[in-house]
Visitor: 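Structure incoming, see below.
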Amino acid sequence: MSNKKPYRGRFAPSPSGPLHFGSLVAALGSYLQAKSLQGIWQVRIDDIDPPREVAGATQDILETLQAYGLNWDGEVIYQSHRCQAYEKTLAQLADQKLTYACACTRKIIKQQGGVYLGHCRDKQLTLSGNSLRINLQKLGKPVSHFHDQLQGEVCFNSVETHEDFIIKRKDGLYAYNLAVVIDDINQAITEIVRGADLINTTGKQITLYQLLDAQAPKYIHLPVAVTSPGQKLSKQNHALAIDKENPVPTLLKALDFLGHTVTDNVDTTSCAKILEWAVKNWSLDKVPKQLEIQI
Ligand code: GLU
Ligand code: ZN
């Protein structure tokens, strides 16, 4: 019997607006990687930041995925329903003295040179009104690099490696890095496929896997679409809003972006047909090993 864990992937959009071309690429890449390996592909709505949430965005994202034939397995998971699990983990980390409260405002950190250097680590501040940070000094060796299945070896700079990062914000909201790791562990995700705009969060996330005694998944960071160097697609960019009524041309464009150009003999009359071809022909070797691509 093989003891290899079955492949489980996910797409985890934040409901801060409708799906744009960049998020479609992440959805498509994670779907094809999972389905080409006969894996499970789940959708999770990362809705733990109400101030940034746009009314109706969740529904719109789910409808768009369906219009593009990107059908997920099982129920949609909502981070907003998972607070109990986050609190349980925070309590566990606190018991192990792996966290501490920090009163530094953005302004104070700026005055300290723009980098948080452990200012409150030994102050024993109370939690209320303060943010909560991970105490990296308790970790044997900080995470300075990881292997990405597409981009190869990824190294973090010394500041990124040593920063006692925030896991709960002073406004009481759970930090993205905390919630994402707890949920990916809970969903037994074996590989995370997402946009390279998140590549620098990966060190912090691997740190949390270590502190929680869990095995980190594999990572694939896909190139992100930019309009000019460093300029991500924005909601303001109307030319790139994706069409739910006529999805085929945009789906073909997203496949092309991922290095899978559909040839003339392929049936492109529906998203389902195109995806069937794409699942059969998907190969990570064809995906550009770039962090961003200008479109
Ligand atoms: N919810 C995050 C975002 O939309 C992505 C989470 C992830 O893929 O790790 O930026
Ligand atoms: Zn502080």
Side-chain angles (χ1 to χ4, degrees), residues 8-20 22-31 33-34 41-49 52-54 57-58 61 65 76-80 82 99-127 129-136 146 148 163-170 173-187 189 191-206 208-209 216-222 224 232-235:
R8 294 177 67 91
R10 51 56 160 192
F11 173 56
S14 303
S16 52
L19 220 59
H20 54 76
S23 29
L24 177 69
V25 166
L28 178 64
S30 61
Y31 172 88
Q33 179 70 5
W41 185 69
Q42 291 192 307
V43 169
R44 184 181 71 225
I45 300 292
D46 284 357
D47 54 352
I48 37 154
D49 195 348
R52 290 194 50 211
E53 192 161 338
V54 169
T58 293
I61 289 169
L65 290 173
V76 173
I77 294 156
Y78 293 88
Q79 286 199 322
S80 55
R82 302 260 313 134
T99 61
Y100 65 89
C102 165
C104 296
T105 57
R106 222 172 275 226
K107 199 171 147 203
I108 290 175
I109 293 173
K110 215 168 177 181
Q111 284 163 1
Q112 293 164 1
V115 178
Y116 178 76
L117 293 171
H119 193 65
C120 296
R121 197 183 280 142
D122 301 314
K123 286 193 180 165
Q124 321 285 350
L125 298 174
T126 56
L127 215 58
N130 290 326
S131 56
L132 192 68
R133 291 185 184 266
I134 278 289
N135 190 346
L136 285 192
F146 76 101
D148 188 279
E163 188 195 34
D164 282 350
F165 56 91
I166 291 180
I167 52 172
K168 193 175 185 185
R169 292 165 23 180
K170 80 164 181 248
L173 295 180
Y174 303 101
Y176 153 71
N177 286 312
L178 179 83
V180 90
V181 168
I182 295 175
D183 286 342
D184 286 329
I185 293 173
N186 184 252
Q187 290 172 246
I189 299 300
E191 184 171 70
I192 291 177
V193 183
R194 62 186 175 192
D197 51 328
L198 293 167
I199 206 162
N200 285 329
T201 66
T202 308
K204 296 180 170 59
Q205 292 170 23
I206 294 173
L208 285 171
Y209 281 96
K218 291 186 191 164
Y219 290 96
I220 293 175
H221 286 89
L222 301 171
V224 292
K232 278 209 300 172
L233 304 186
S234 67
K235 278 159 217 150

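Treat the numbers as computed from the prediction; the structure is a model and nothing was measured. Note that ligands are numbered from 1 as they come in the structure, with each ligand's atoms numbered from 1 the same way. When reading the values below, keep in mind they use all heavy atoms of this one structure, side chains included, and skip hydrogens, waters and symmetry mates.
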Visitor: Rounded to the nearest 0.5 Å, what separates atom CG in Asn186 from atom CD1 in Ile77?
Guide: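 The distance works out to 7.5 Å.
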
Visitor: Please report the C-alpha distance between Tyr78 and Thr58 in whole Å, then the side-chain angles of each, then the deciding distance to 0.1 Å, and finally whether the side chain to side chain contact (heavy atoms under 4.5 Å, CB included) criterion is met.
Guide: CA-CA 10 Å; Tyr78 293 88; Thr58 293; 3.8 Å; yes

Visitor: Distance check, rounded to the nearest 0.5 Å: Ile167 atom CD1 versus Ile134 atom CD1?
Guide: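 Ile167 CD1 to Ile134 CD1: 4.0 Å, rounded to 0.5 Å.
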
Visitor: Check the side chains of Arg10 and Gln187 for a donor-acceptor pair under 3.5 angstrom, ignoring hydrogens and angles.
Guide: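 Gln187 vs Arg10: no donor-acceptor pair found between side chains.
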
Visitor: Do the side-chain N and O atoms of Asp47 and Gln79 include a donor-acceptor pair separated by under 3.5 angstrom?
Guide: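 No, because no side-chain N or O of Asp47 sits under 3.5 Å from a partner of the opposite role on Gln79.
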
Visitor: Just how far is it from atom CD1 of Ile48 to atom OH of Tyr174, taken to the nearest 0.5 Å?
Guide: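 Answer rounded to 0.5 Å: 9.5 Å.
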
Visitor: Measure the spacing between CD1 of Ile189 and NZ of Lys218 and express it to the nearest 0.5 Å.
Guide: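 These two atoms lie 14.0 Å from each other.
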
Visitor: Anything under 3.5 Å between an N or O on ligand 1 and a protein N or O? List each pair with its distance, or write none.
Guide:
residue: ligand 1; atom: 1 (N); partner: Ala12; partner atom: O; Å: 2.7
residue: ligand 1; atom: 1 (N); partner: Ser14; partner atom: OG; Å: 2.9
residue: ligand 1; atom: 1 (N); partner: Asp46; partner atom: OD2; Å: 2.7
residue: ligand 1; atom: 4 (O); partner: Ser14; partner atom: N; Å: 3.3
residue: ligand 1; atom: 4 (O); partner: Ser14; partner atom: OG; Å: 3.1
residue: ligand 1; atom: 8 (O); partner: Arg10; partner atom: NH1; Å: 2.6
residue: ligand 1; atom: 9 (O); partner: Arg10; partner atom: NH2; Å: 3.0
residue: ligand 1; atom: 9 (O); partner: Tyr176; partner atom: OH; Å: 2.9
residue: ligand 1; atom: 9 (O); partner: Arg194; partner atom: NH1; Å: 2.8

Visitor: Do the side chains of Arg169 and Asp49 get close enough for a salt bridge, i.e. N-O under 4.0 angstrom?
Guide: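 Result for this pair is yes, salt bridge flagged.
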
Visitor: Examine distances only and state if a side-chain atom of Asp164 and a backbone atom of Leu136 form a donor-acceptor pair shorter than 3.5 Å.
Guide: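 The answer is yes, because a donor-acceptor pair under 3.5 Å joins these two groups.
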
Visitor: Give me the protein N, O or S atoms that fall under 2.8 Å of the Zn ion (ligand 2), sorted by chain and residue number.
Guide: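 The answer, once waters are left aside, is Cys102 SG, Cys104 SG, Cys120 SG.
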
